[in-house]
Chemist: 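Mind having a look at this structure? Questions to follow.
If you read the sequence from its start, that first residue is 1, and numbering goes on from there. Numbering of ligands and ligand atoms starts at 1, following listing order.
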Amino acid sequence: MTGIRITGWGIALPDKIVTNDDLAASLDTSDTWITERTGIRERRIGGTTSGLAIEAGQNALRCAGLTADQIDHVVLATTTPDSIVPGTAPTVQDALGIRGGAFDINAACSGFVYGLVTVAGLIAAGAGPILLIGSETLSKITDMDDRAIAIIVGDGAGAVVVEPVDGPGQLLSWNLNSDGSLRHLLYCEHGGTLYMDGKEVFRKAVRVVVESAERAMADAGLGPDDISLLVPHQANLRIIVAACQRLGIPEERTVVVIDRYGNTSSASIPLALHDAISNDRVHDGDNLLLTGFGGGMTWASAVLRWGP
Ligand code: UT7
């Protein structure tokens, strides 16, 4: 049996910080409204999806102590590829000098968890180390004059190096879910901008996150007290708080980066994971519960047991 282990992590963020007050200068909104309704205080805006992914990928490789020629494949989760064809992963692969396969995954904000499970499957089938990245430039598909959506989006990227290990490895359980009949709640047509029925997405998100996270815990043979850290998609602080309450996981055991980065779709979970590791909140033997949800609707959870 071949399992997976995350051995490196890295992020990339555009330099430009846009605060709530910056947005309120041109939109009918306020720092108070945005902070209270979303938990967001500022976000990063700029860059390209490939550029951010390359930088995050380089940082993850350095952290893992691996060079490009030791990586087999690149898997990139994104809803904002640089172009429709080709995918963005081959651009990243070329820039980093990696050989092997390279492809994008679009599962909206669940993309990183979908990617992690995909990578575990590739590794179980015999692949070597894989670079998994979530990278987004949501600002490119957002009408920044529409206060309903402009206030929540951010740009950024997070990457991990995933290596094969003998035995079951870190991934204890996972589930991937989607309900395409809900696609009208959150979408972006070719050449258009993001539409979101925020209230309805909010309502459904809390329900599906709890259901999927509970299933992932049960499949891992764990309960809420066994979860050292919840690493949720960062869409709205109120969603995170509501999910924590329903799951019975205290907020102190949850990672929150939405205040600094906003909603970065498939980049949000690796950004949160990186933040937790950097702040010494992740230790060998810890059980991490990753959970994401977004357009599709898609939702997905995974439990990782950190360490060798
Ligand atoms: O990434 C995965 C998918 N995305 C999500 O999970 C996002 C889920 N949804 C949300 O986070 C929230 O629905 C939003 C943050 C997008 C909106 O918050 P809300 O509490 O659902 O606001 P609302 O749309 O119900 O609007 C409440 C009020 C309305 O005014 P009235 O009708 O009560 O007078 C809106 O017009 O707030 C008003 N409003 C705003 N006011 C100031 C809506 N947006 C804004 C704004 N600034 N940006």
Chemist: Which of the atoms in ligand 1, numbered in the order shown and given with their element, are less than 4.0 Å from a heavy-atom of Leu186?
Modeler: 3 (C)
Chemist: Do Trp299 and Val209 come within less than 4.5 Å of each other through their side chains, counting heavy atoms only?
Modeler: no
Chemist: Among Asp82, Thr88, Thr137, find the residue that satisfies the side chain to side chain donor-acceptor pair (under 3.5 Å) test when tested with Ser50.
Modeler: Asp82
Chemist: Would you say Asn263 and His233 make side-chain contact, with heavy atoms under 4.5 Å?
Modeler: yes
Chemist: Considering only heavy atoms, does Ile239 approach ligand 1 within less than 4.0 Å through its side chain, its backbone, both, or neither?
Modeler: side chain
Chemist: Could you tell me whether a side-chain N or O of Gln93 sits under 3.5 Å from a main-chain N or O of Gly100, the two making a donor and an acceptor?
Modeler: yes
Chemist: Quick one: does Cys109 get within less than 4.0 Å of ligand 1, heavy atoms only?
Modeler: yes
Chemist: Quick one: which of Trp33, Phe293, Phe202, Trp299 has a heavy atom closest to atom 37 (O) of ligand 1?
Modeler: Trp33
Chemist: Pull out every atom of ligand 1 sitting under 4.0 Å from any heavy atom of Gly198, numbered as shown with elements.
Modeler: 8 (C), 9 (N), 13 (O)
Chemist: Quiz question for you: does at least one protein heavy atom lie closer than 4.0 Å to atom 32 (O) of ligand 1?
Modeler: no
Chemist: Any atoms of ligand 1 less than 4.0 Å from a non-hydrogen atom of Asn236? List them with their elements.
Modeler: 10 (C), 11 (O), 12 (C), 15 (C)
Chemist: With a 4.5 Å heavy-atom cut-off, do Leu116 and Leu132 have their side chains touching?
Modeler: yes
Chemist: Can you spot which of Glu42, Arg41, Arg43 makes a side chain to side chain donor-acceptor pair (under 3.5 Å) with Asn20?
Modeler: Arg43
Chemist: Near Met196, which atoms of ligand 1 are under 4.0 Å from a heavy atom of that residue?
Modeler: 4 (N), 5 (C), 7 (C), 16 (C)
Chemist: Which value, rounded to the nearest 0.5 Å, describes the distance between Ile11 atom CD1 and Ser135 atom OG?
Modeler: 12.0 Å
Chemist: Quick one: which ligand 1 atoms are inside 4.0 Å of a heavy atom on Arg238?
Modeler: 18 (O), 19 (P), 20 (O)
Chemist: Would you say the side chain of Leu230 lies within less than 4.5 Å of the side chain of Arg253, judging by non-hydrogen atoms?
Modeler: no
Chemist: Pull out every atom of ligand 1 sitting under 4.0 Å from any heavy atom of Ala235, numbered as shown with elements.
Modeler: 1 (O), 2 (C), 5 (C), 6 (O)
Chemist: Is any heavy atom of the protein nearer than 4.0 Å to atom 47 (N) of ligand 1?
Modeler: yes
Chemist: Should Asn263 be counted as touching ligand 1, given the test is an N or O pair under 3.5 Å?
Modeler: yes
Chemist: Out of all atoms in ligand 1, which are within 4.0 Å of some heavy atom of Val201? Include the element for each.
Modeler: 3 (C), 4 (N), 5 (C), 6 (O)
Chemist: Heavy atoms only: which of Arg203, Arg147, Glu200, Lys199 is nearest to atom 23 (P) of ligand 1?
Modeler: Lys199
Chemist: Look at atom 20 (O) of ligand 1 and say which protein heavy atom is nearest, naming residue and atom and giving the distance to 0.1 Å.
Modeler: Arg37 NH2, 2.8 Å
Chemist: For a side chain to side chain contact (heavy atoms under 4.5 Å, CB included) check, start with the C-alpha distance between Ile240 and Thr254, then their side-chain angles and the critical distance, and finish with the verdict.
Modeler: CA-CA 8 Å; Ile240 297 174; Thr254 300; 3.5 Å; yes
Chemist: Just which atoms of ligand 1 are under 4.0 Å from any heavy atom in His233?
Modeler: 1 (O), 2 (C)
Chemist: Is a side-chain N or O of Arg44 found less than 3.5 angstrom from the main chain of Gly156, in a donor-acceptor match?
Modeler: no
